[in-house]
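A quick write-up on the structure given underneath.
Naming convention: chains lettered A, B, ... in sequence-line order (proteins, then strands); numbering from 1 in each chain.
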There are 2 protein chains.
Amino acid sequence: METASAIQPGGKQRLIEAAFRLAARNGTSLASLGLRELAREAGLNHNTFYRHFATLEDLGHAAAAEVAGQLMAAIKEIRRNAARHADASVGVAEYFLDWARDNADLVTVGVRELHSTETPIRKAMQRVVHEIATESVEQIVSMRLVPGIEPDALLRATTSITHYMFYRALDYIERPRQRRAIRDELVNFMRAQFLGQLALQRTTATSA
Amino acid sequence: METASAIQPGGKQRLIEAAFRLAARNGTSLASLGLRELAREAGLNHNTFYRHFATLEDLGHAAAAEVAGQLMAAIKEIRRNAARHADASVGVAEYFLDWARDNADLVTVGVRELHSTETPIRKAMQRVVHEIATESVEQIVSMRLVPGIEPDALLRATTSITHYMFYRALDYIERPRQRRAIRDELVNFMRAQFLGQLALQRTTATSA
DNA sequence: ACTTAACGTATCCACTTGGATACTTATCGT
DNA sequence: ACGATAAGTATCCAAGTGGATACGTTAAGT
């Protein structure tokens with residue numbers, strides 16, 4: 001089984017990957033993919049689908065697990081790399097956007113489903129966003145990257161930033177010529193969020 | 001013809017509205033709607049579609065015009081109302097979110113398509129976001145709502161805010177119980193953006 | 001070598017689809 | 001009243017769909 005995966009992914013993985021490719025390319029959700037369309041894209045007979053999944057929603061759950069798994073692993077890696085960067089915001093922005101570019105289908109589908117109906121991928125993405133935001137709070141606090149900011153203000157900032165990162169990742173994937181500008185704008189946004197929440201905190205403190 | 005519209009919308013309008021309903025409900029894009037599905041939802045024979053549109057993309061263009069027209073009209077109204085508000089940010093947030101709630105299908109589809117492939121609605125939404133952002137700059141400058149901020153920093157803020165407003169509108173539509181919290185969070189985001197860009201501007205000024 | 005399980009393919013079928021074409025209805029203009 | 005036009009319905013057809021069922025292939029275990 002491990003040997004087979006090294007040579008050619010199994011039917012199940014091929015179907016999952018085909019689903020991402022189709023959904024990304026067509027701007028549709030996984031739930032509206034056709035069985036035969038999917039099988040054609042995976043290079044399989046359409047009945048093979050039922051060897052691995054009972055329903056399209058089943059496939060959605062597998063895809064959601066894929067999204068969450070890959071994203072969380074990437075974020076860990078990005079955090080490690082960015083911690084060695086002179087400016088953490090710039091480091092995170094660069095590594096994240098480059099990773100998104102290299103995993104375009106998965107990111108594209110994940111971000112699109114973030115605004116969809118209650119699909120498995122949407123739920124997975126919501127959890128991912130929340131987890132990234134809260135772990136970012138812990139990292140920023142432990143490294144004293146934004147001195148003086150309170151945890152709830154910080155969480156508001158990291159949540160907005162996480163969401164915005166995914167949104168900008170779509171543009172980064174689509175517009176090769178504007179990548180530098182998109183990255184710079186993302187860094188600007190991140191800084192504005194921290195400074196803005198800090199300023200709001202001070203305003204609230206002086207009026208209380 | 002005018003009499004007919006007053007009593008029951010014509011076939012064309014019924015098809016457009018049906019398209020929004022289906023896309024919003026199913027989390028799909030207009031481009032992937034089925035002809036008969038659409039006709040059923042509109043209460044018409046499926047061939048009636050061809051009386052009004054040559055292709056589904058044609059319908060997409062009509063829908064895009066609808067989105068842009070209604071959104072821009074609503075924004076004008078919201079600006080008038082909010083200008084009479086003690087705090088403009090709170091006023092804009094309230095009026096906008098309530099309008100979104102009352103036009104849920106159109107907003108839902110519009111925001112979803114903002115992250116889609118190059119569909120007519122996506123293009124229309126991108127123009128709407130840009131227009132709202134630039135007009136907000138003009139209004140804020142003329143009313144001196146954020147004294148001292150430079151126009152390019154202000155545009156960055158209004159662009160982020162406009163996008164975030166649409167994103168939060170989806171949650172506002174979906175989660176009646178959390179509406180108060182969502183509105184407050186949106187207001188917080190708006191203020192943080194202005195203050196953050198102002199702070200960044202000062203930082204850049206002192207380091208130059 | 002034989003058996004079993006997992007995976008993949010082929011065939012069939014009832015149903016649905018998009019689009020062509022013919023027909024019907026309602027409205028408007030002369 | 002009549003004719004033209006716009007809008008809507010009905011019928012037909014070829015192609016495609018999802019799912020049931022049978023068959024084929026491969027790998028692993030005894």
Any chance the side chains of A:Gln70 and A:Glu66 put a donor and an acceptor closer than 3.5 Å? yes
Which atom pairs link the protein and nucleotides 13-17 of chain C when you take only N or O atoms and keep those under 3.5 Å?
{"from": "C:dT17", "atom 1": "OP1", "to": "B:Arg40", "atom 2": "NH2", "distance (Å)": "3.2"}
{"from": "C:dT17", "atom 1": "OP2", "to": "B:Arg40", "atom 2": "NH1", "distance (Å)": "3.4"}

Are side-chain N/O atoms of A:Asn188 and B:Gln197 paired as donor and acceptor at under 3.5 Å? yes
5'-most contact on DNA chain D (nearest-nucleotide basis), A:Leu33 vs B:His52, goes to B:His52
What integer distance in Å separates A:Leu44:CG from C:dT9:C1'? 10 Å
I'd like to know if the side chain of B:Glu17 pairs up with that of B:Gln13 as donor and acceptor (distance under 3.5 Å, no hydrogens or angles considered). yes
Search all heavy atoms of A:Thr117 against all heavy atoms of A:Arg122 and return the closest pair with its distance. O-CD, 3.3 Å
Rounded to the nearest Å, what distance is computed from the CZ atom of residue A:Phe53 to the P atom of nucleotide D:dG18? 15 Å
In whole angstrom, give the distance that lies between atom CG of B:Leu56 and atom P of C:dG18. 8 Å
Checking A:Arg79 against A:Ser136: is there a side-chain donor and acceptor pair closer than 3.5 Å? yes
Please find out if less than 6.0 Å separates the ring center of B:Phe166 from that of B:Phe96. yes
Tabulate atom names and distances for all N/O pairs under 3.5 angstrom spanning the protein and nucleotides 20-24 of chain D.
{"from": "D:dA20", "atom 1": "N6", "to": "A:Asn47", "atom 2": "OD1", "distance (Å)": "3.0"}
{"from": "D:dA20", "atom 1": "N6", "to": "A:Asn47", "atom 2": "ND2", "distance (Å)": "2.9"}

